[in-house]
Amino acid sequence: MLLLNSLKSIISNKNIEIIENGLKDCEIDHILPRSLTKDDSLDNTVLVLREENQLKLDDYPISPDVQKKMLPIWMSLKNAKFMSQLKFQ
């Protein structure tokens, strides 16, 4: 999953730091919140920085500001086959 995210948070494009025993300040986020579905598949999960995930809570869809800012990055990930069409939607 980390490589599919290109070592960046999918919400902010900030670097995800790799440390000796894992990832620093990183969490798995559910695109469709767990309150709506129990889907833990790769198509419904992304890596994000812990602080971003805590601020987002169960917001769905993600804020329009984030969508607008991140759309070119998400498109490049999808075009490079690092993001499925389902996840992109």
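When reading the values below, keep in mind they use all heavy atoms of this one structure, side chains included, and skip hydrogens, waters and symmetry mates.
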With rounding to the nearest 0.5 angstrom, report the [atom1] to [atom2] distance, [X] to [Y].
X: F88; Y: L71; atom1: CZ; atom2: CG; result: 5.0 Å
X: I73; Y: K78; atom1: CD1; atom2: NZ; result: 15.5 Å
X: E51; Y: C26; atom1: CD; atom2: SG; result: 11.5 Å
X: I16; Y: E27; atom1: CD1; atom2: CD; result: 11.0 Å
X: N13; Y: L7; atom1: CG; atom2: CG; result: 11.0 Å
X: S76; Y: F82; atom1: OG; atom2: CZ; result: 9.5 Å

*Has the side chain of T37 got a donor or acceptor atom that lies under 3.5 Å from a matching backbone atom of R34?*
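Here the side-chain-to-backbone pair does not exist.
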
*Using modelled atom types only, decide if a donor and an acceptor are shared between the side chain of W74 and the backbone of I10 within a distance under 3.5 Å.*
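Confirmed, W74 side chain pairs with I10 backbone.
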
_What I want to check is whether the side chains of S41 and D43 have a donor and an acceptor closer together than 3.5 Å._
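Side chains of S41 and D43: no pair found under 3.5 Å.
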
_Are L86 and Q89 packed together at the side-chain level, in the sense that at least one heavy-atom pair is separated by less than 4.5 angstrom?_
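With C-beta onward as the side chain, the pair touches.
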
*Is the shortest heavy-atom distance from the side chain of L32 to the side chain of D39 under 4.5 Å?*
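A side-chain contact is absent here, since even the closest heavy-atom pair is not under 4.5 Å.
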
*Non-hydrogen atoms of I11 and M70 that approach each other most closely*: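 Smallest interatomic distance, heavy atoms only, reads O-CG, 3.2 Å.
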
*Return the minimal non-hydrogen interatomic distance between Q67 and I62, and the atom names on each side.*
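Where Q67 meets I62 most closely, the heavy atoms are NE2-O, 2.5 Å.
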
*Say whether M83 and Y60 are linked into one hydrophobic cluster, either directly or through other cluster members, by side-chain heavy-atom distances under 4.5 angstrom.*
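Yes; tracing contacts between hydrophobic side chains, which count when under 4.5 Å, links both residues.
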
*Matching residue for H30 among D40, N44, T45 - test: side-chain hydrogen bond (donor to acceptor under 3.5 Å, both in side chains)*: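 Output: one option passes, namely D40.
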
*Go through the structure and list residues passing salt bridge (Lys or Arg N to Asp or Glu O under 4.0 Å) with D25, not counting sequence neighbours.*
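D25: salt bridge (Lys or Arg N to Asp or Glu O under 4.0 Å) contacts with R50.
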
*Please step through side chain to side chain contact (heavy atoms under 4.5 Å, CB included) for the pair K14 and E52, ending with a clear verdict.*
CA-CA 10 Å; K14 292 181 182 174; E52 296 166 348; 4.1 Å; yes

*Of the options D29, N15, V46, L49, which is the one that meets S9 in a side-chain contact (heavy atoms from CB on, under 4.5 Å)?*
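Of the listed residues D29, N15, V46, L49, the side-chain contact (heavy atoms from CB on, under 4.5 Å) partner of S9 is L49.
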
